[in-house]
Colleague: 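The following block contains the structure, expressed as structure tokens.
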Amino acid sequence: MKYAFYPGCVSRGGAPELYTSTLAVAEKLGLELEEIVGAACTGAGVLQEKGLKLGDTLNARTFAMAERMGHTTIVNICSTCQGVMAQANYRLLNTPGYLEEINEILKEEGLEYQGRVVIKHLAWVLVEEIGLDALRPLIVRPLTELHIAPFYGCYILRPSWALGIDENPGREQYLEQIIEACGGEPVNFPGRTKCCGFPILMINERNSLAMVGNHTLSAKDHGADAMVTPCPLCHLNLDGYQPKASSQKGTKINMPILHLPQLVGMAMGLSDRELGMHRHVVSTKDVMAKASVRA
Amino acid sequence: MQTKLSVRRQDPESQQPGSRMQEYTIEVPEHYTVLDALIKVREEVDPSLAIRCSCRAAICGSCAVRVNGRARLACNTKLTNVTPEDGVVVVEPAGNQPVVKDLVVDLGVFWSKIRAVAPYLQPEGPEPEEEYIAPNESMLLLTEVMGCIMCGACVSDCTALEVDSNFLGPAALAKAFRFTEDPRDGADADRLHNLNEYGGVWDCTRCMMCVEVCPKGVAPMDRIMALRERVMDAGMTNTVGYRHVAAFAESVEHAGWLDETMLAVKSWGMFNVPKLIAALPIGLRALKRGKLPMPAPFHKKRPGHENVARIFKRLEGKK
């Protein structure tokens with residue numbers, strides 16, 4: 001299976017382990033990910049504050065580039081990129097005259113977006129394209145000892161109409177399904193679809209840390225050994241700022257945070273080095289040790 | 001059909017504060033809403049159950065509750081649409097507000113936030129001889145916002161309010177937008193100044209929860225983002241929020257993608273020495289783990305970045 005691949009800024013910046021673990025897992029899955037070279041940042045919702053049309057044009061440019069490469073599906077490994085692209089595509093395809101208006105701008109670069117691109121997060125590709133039945137035989141190290149709390153965050157779920165949740169209601173449960181396919185036990189907890197706090201980290205650190213503390217402690221209270229997220233921004237906050245959140249709460253949290261491909265890769269038997277676990281702030285040693293226990 | 005409701009019960013004034021879940025199993029017709037079922041419980045099973053409702057037609061906004069963890073109007077939520085596989089529909093009071101009893105919350109907090117944004121027209125200049133005239137097209141923008149029925153569903157599920165009660169919240173900020181965008185209103189400068197403060201537009205997390213749960217399509221977060229654009233356009237630039245957007249745009253315009261390290265430095269302020277010193281331990285920890293991307297001038301530009309710059313120039317009028 002061959003797809004256009006949009007790694008996003010963070011997987012090549014603040015969370016490089018997401019990039020390398022994705023490539024390692026993709027190889028095992030037989031996924032050919034062809035990077036859209038020269039694609040711009042999606043805007044992450046921030047550029048959209050400056051101008052919605054600016055963000056939509058940059059994303060339409062990326063879609064047009066994928067079409068020119070001969071692809072109809074773009075694979076994301078960042079929920080924020082996924083959400084922002086999906087919202088842009090929704091507006092482009094549902095606002096009369098908008099696509100033509102934006103194509104007028106893209107014309108200067110010799111690009112035209114035909115409106116045929118489907119945007120999918122890796123989690124969706126795993127469930128909808130590859131299928132969990134095809135994933136299961138690749139699981140050589142079932143995570144039978146592990147209780148994993150899925151942290152969806154915001155952009156992969158909302159707004160539901162742009163993310164196709166109505167047509168695919170299962171998308172609200174894919175992380176649980178993937179955890180189960182990997183042999184682990186999904187843990188339900190109240191924070192699973194809330195904000196991680198990253199977007200306000202610089203603006204209001206106190207509130208942002210309170211969110212990190214609430215979600216990680218709540219997952220812990222519900223018996224989780226680790227949390228898994230489809231979003232590197234959630235990872236940056238939940239992992240990187242957990243020590244500070246811990247100080248704010250006045251209690252040790254120690255909740256390892258996994259990127260989605262790290263979870264799958266772990267169950268596929270990839271080493272902690274290959275998965276970039278050494279880059280985490282909160283140690284994943286205990287999780288890897290439990291993952292090594294044979295069922 | 002048979003339906004099972006699990007309702008969070010609490011009476012803060014009773015001898016036993018704290019809450020408990022109580023399950024009711026009743027027979028209902030298929031067309032029943034959550035509110036129909038709650039009323040049936042109250043009338044036929046348990047008269048002590050406290051609920052608030054009035055119009056039963058999604059107009060009055062009285063019956064916002066949480067159904068299976070998400071804020072909804074009980075009166076326009078069909079049971080068949082929210083019954084999960086285990087057959088139990090969980091009904092709880094709206095969040096982020098104190099509970100009076102069972103499913104009834106105290107709306108005092110909600111209204112105090114609405115009042116804080118001066119939710120009335122403040123025209124400037126001499127009064128016209130007849131009525132104030134507003135062009136149709138300018139009011140079209142406001143039709144969705146004016147559709148707010150003050151049910152508080154957005155306030156219930158707001159993730160920022162959950163950690164900070166000082167935040168004005170989605171309903172009040174959408175209401176503020178309704179007046180800043182009204183051509184008859186003359187108090188924009190004051191309004192925007194207040195909205196630019198702590199607890200205002202910059203404290204929204206952009207989680208879209210309010211957009212998702214609003215039963216009337218008000219899309220409060222979209223209004224908050226429009227207000228951010230307004231405060232920036234009004235020249236209110238001395239906020240981390242403004243610097244964050246400006247540094248983000250500058251990075252994408254020049255390199256095609258994000259210079260994360262420089263974004264953080266510029267958002268806090270290049271000369272904000274105390275903040276930069278405070279951030280050092282986190283920066284060093286990231287550096288040690290190979291997670292601190294090299295900032296400009298070492299930050300590599302994406303191929304074709306000049307085309308991105310051209311789009312910026314065309315749409316934002318930059319040179």
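To find a chain, count down the sequence lines: A is the first, B the second, and so on, and within it residues start at 1. If you're wondering where the values come from, they're calculated on a predicted model, not measured in any experiment.
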Colleague: Side chain, backbone, both or neither: which part of B:Phe167 has a non-hydrogen atom closer than 4.5 Å to chain A?
Modeller: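 Answer is neither: B:Phe167 stays 4.5 Å or more from chain A.
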Colleague: Could you tell me which non-hydrogen atom of A:Lys53 sits nearest to which non-hydrogen atom of B:Leu315, and how far apart they are?
Modeller: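 That would be O-CD1, 3.9 Å.
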Colleague: Return the option, out of B:Pro303, B:Ala255, B:Gly304, with the maximum number of heavy-atom pairs under 4.5 Å with chain A.
Modeller: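 Of the options given, most contacts go to B:Pro303.
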Colleague: Answer with side chain, backbone, both or neither: which region of A:Arg206 has an atom nearer than 4.5 Å to a non-hydrogen atom of chain B?
Modeller: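 Side chain only.
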Colleague: Counting only heavy atoms closer than 4.5 Å, note whether A:Pro159 contacts chain B via side chain, backbone, both or neither.
Modeller: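 Both backbone and side chain.
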Colleague: Of all heavy-atom pairs between A:Arg158 and B:Met209, which one has the smallest distance, and what is that distance?
Modeller: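 Looks like NH1-SD, 3.4 Å.
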Colleague: What are the two closest heavy atoms between B:Trp257 and A:Cys41, and how far apart are they?
Modeller: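 Result for this residue pair: CA-CB, 4.0 Å.
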Colleague: With a 6.0 Å cut-off (strictly less than), is the heavy-atom count around CE of B:Met270, excluding the residue itself, greater than 12?
Modeller: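 Check fails, neighbour count at 12 or below.
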Colleague: How long is the span from the CD1 atom in B:Ile311 to the OG1 atom in A:Thr57, to the nearest 0.5 Å?
Modeller: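 B:Ile311 atom CD1 to A:Thr57 atom OG1 measures 6.0 Å (nearest 0.5 Å).
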Colleague: Side chain, backbone, both or neither: which part of B:Leu258 has a heavy atom under 4.5 Å from chain A?
Modeller: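 Contact with chain A: backbone and side chain both.
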Colleague: Heavy-atom count check: over 12 atoms from other residues, nucleotides or ligands less than 6.0 Å from B:Asn238 CG?
Modeller: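 Open: at most 12 neighbouring heavy atoms sit under 6.0 Å from CG of B:Asn238.
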Colleague: Using a cut-off of under 4.5 Å for heavy-atom pairs, which of B:Glu229, B:Arg206, B:Glu260 has the most such pairs with chain A?
Modeller: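 Max contact count across the listed options: B:Arg206.
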Colleague: Give the member of A:His280, A:Arg61, A:Met211, A:Glu49 that has the highest number of heavy-atom pairs under 4.5 Å with chain B.
Modeller: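 The candidate making the most pairs under 4.5 Å is A:Glu49.
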Colleague: With a 4.5 Å limit on heavy-atom distance, are the side chains of A:Lys50 and B:Glu316 in contact?
Modeller: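 Answer yes - side chains close enough.
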Colleague: If you apply the rule side chain to side chain contact (heavy atoms under 4.5 Å, CB included), what do you find for A:Gln87 with B:Met208, and how did you get there?
Modeller: CA-CA 12 Å; A:Gln87 289 175 49; B:Met208 291 170 282; 3.5 Å; yes
Colleague: Of the listed residues (A:Ile203, A:Val37, A:Val46), which shares the most heavy-atom pairs with chain B below a 4.5 Å separation?
Modeller: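 Highest number of pairs under 4.5 Å: A:Val46.
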Colleague: What part of B:Ala219 is in contact with chain A, defined as an atom under 4.5 angstrom from a non-hydrogen atom: side chain, backbone, both or neither?
Modeller: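 Neither part.
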Colleague: Under a 4.5 Å heavy-atom cut-off, does chain B meet the side chain of A:Phe198, its backbone, both or neither?
Modeller: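 For A:Phe198, no heavy atom lies under 4.5 Å from chain B.
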Colleague: Taking the side chain from B:Arg302 and the backbone from A:Gly38, do they hold a donor-acceptor pair closer than 3.5 Å?
Modeller: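 No, the answer is negative, given that no donor and acceptor are paired below the 3.5 Å cut-off.
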Colleague: Among A:Leu54, A:Asn204, A:Thr42, A:Leu47, which residue forms the greatest number of heavy-atom pairs with chain B at distances under 4.5 Å?
Modeller: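 Most heavy-atom pairs within the cutoff with chain B belong to A:Leu54.
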Colleague: Calculate, to the nearest 0.5 Å, the distance between atoms OG1 and NE2 belonging to B:Thr159 and A:His215 respectively.
Modeller: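 Separation between the atoms: 7.0 Å.
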Colleague: Below 4.5 Å from any heavy atom of chain A, which atoms of B:Arg310 appear? Answer side chain, backbone, both or neither.
Modeller: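 When you check distances to chain A, only side chain atoms of B:Arg310 fall under 4.5 Å.
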Colleague: Please classify the contact between A:Thr193 and chain B as side chain, backbone, both or neither, with a heavy-atom cut-off of under 4.5 Å.
Modeller: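 For A:Thr193, heavy atoms of backbone and side chain both lie under 4.5 Å from chain B.
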Colleague: Non-hydrogen atoms of chain B under 4.5 Å away: do they reach the side chain of A:Ala39, the backbone, both or neither?
Modeller: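 The backbone, not the side chain.
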Colleague: Side chain from CB out, backbone as N, CA, C, O: work out which of these in B:Val245 comes under 4.5 Å of a heavy atom of chain A, or both, or neither.
Modeller: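 For B:Val245, the contact with chain A is made by backbone and side chain together.
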Colleague: Check B:Leu263 against A:Met202 and note the closest heavy-atom contact, atom names and distance.
Modeller: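 Where B:Leu263 meets A:Met202 most closely, the heavy atoms are O-SD, 4.3 Å.
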Colleague: Could you tell me which portion of A:Pro190 (side chain, backbone, both or neither) has an atom closer than 4.5 angstrom to a non-hydrogen atom of chain B?
Modeller: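 Contact with chain B: none, neither part.
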Colleague: Which region of A:Ile200, side chain (C-beta onward) or backbone (N, CA, C, O), has a non-hydrogen atom less than 4.5 Å from a non-hydrogen atom of chain B, or is it both or neither?
Modeller: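 Only the side chain of A:Ile200 comes within 4.5 Å of chain B.
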Colleague: For the interface with chain B, which of A:Ala15, A:Gly13, A:Gly51, A:Pro199 has the highest count of heavy-atom pairs at distances below 4.5 Å?
Modeller: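 Most pairs with chain B among the choices: A:Gly13.
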Colleague: Select, from B:His305, B:Met232, B:Glu162, the one with the greatest count of heavy-atom pairs under 4.5 Å involving chain A.
Modeller: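 Option with the greatest count: B:Glu162.
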Colleague: Heavy atoms only, distances under 4.5 angstrom: which of B:Thr205, B:Thr239, B:Val252, B:Leu292 has the most pairs with chain A? Name it, please.
Modeller: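 That would be B:Thr205.
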Colleague: Heavy-atom cut-off 4.5 Å, strictly under: side chain, backbone, both or neither for A:Leu236 against chain B?
Modeller: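 Answer is side chain: those atoms of A:Leu236 sit under 4.5 Å from chain B.
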Colleague: Taking all atoms of both residues into account, what is the closest heavy-atom pair of B:Lys291 and A:Pro16, and its distance?
Modeller: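 Heavy atoms only, the tightest pair is CG-CD, 4.1 Å.
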Colleague: Please walk me through it: do B:Met225 and A:Leu52 pass side chain to side chain contact (heavy atoms under 4.5 Å, CB included)?
Modeller: CA-CA 10 Å; B:Met225 294 308 114; A:Leu52 202 55; over 6 Å; no
Colleague: Is the backbone of A:Gly240 close enough, under 3.5 Å, to the side chain of B:Arg285 for a donor and an acceptor to pair up by distance?
Modeller: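 Such a contact is found between B:Arg285 side chain and A:Gly240 backbone.
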Colleague: Side chain, backbone, both or neither: which part of B:Lys275 has a heavy atom under 4.5 Å from chain A?
Modeller: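 It is the side chain, since no backbone atom gets that close.
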Colleague: If you count every heavy atom of other residues, nucleotides or ligands that lies below 6.0 Å from A:Phe189 atom CZ, does the total exceed 12?
Modeller: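 Atom CZ in A:Phe189 is packed in, count exceeds 12.
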Colleague: What distance separates A:Gln48 CD from B:Asp222 CG, expressed to the nearest 0.5 Å?
Modeller: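 Nearest 0.5 Å value for the CD-CG distance: 11.5 Å.
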Colleague: Please find the pair of heavy atoms, one from A:Val281 and one from B:Arg289, that lie closest to each other, and give the distance.
Modeller: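 Minimum heavy-atom contact is CA-NE, 3.6 Å.
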Colleague: Does the pair A:Leu111 and B:Asn307 meet the rule for a side chain to side chain contact (heavy atoms under 4.5 Å, CB included), with working shown?
Modeller: CA-CA 11 Å; A:Leu111 285 169; B:Asn307 287 312; over 6 Å; no
Colleague: Start with the C-alpha gap between B:Lys300 and A:Arg12, add the side-chain angles, then the distance that decides, and say whether side chain to side chain contact (heavy atoms under 4.5 Å, CB included) holds.
Modeller: CA-CA 11 Å; B:Lys300 279 190 185 158; A:Arg12 287 166 302 178; over 6 Å; no
Colleague: Which bit of B:Trp202 comes within less than 4.5 Å of chain A, counting heavy atoms only: side chain, backbone, both or neither?
Modeller: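 The answer is both parts of B:Trp202.
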Colleague: Taking every heavy-atom pair that is under 4.5 Å apart, which of B:Ala264, B:Ala286, B:Cys204, B:Pro281 has the most such pairs with chain A?
Modeller: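 That would be B:Ala264.
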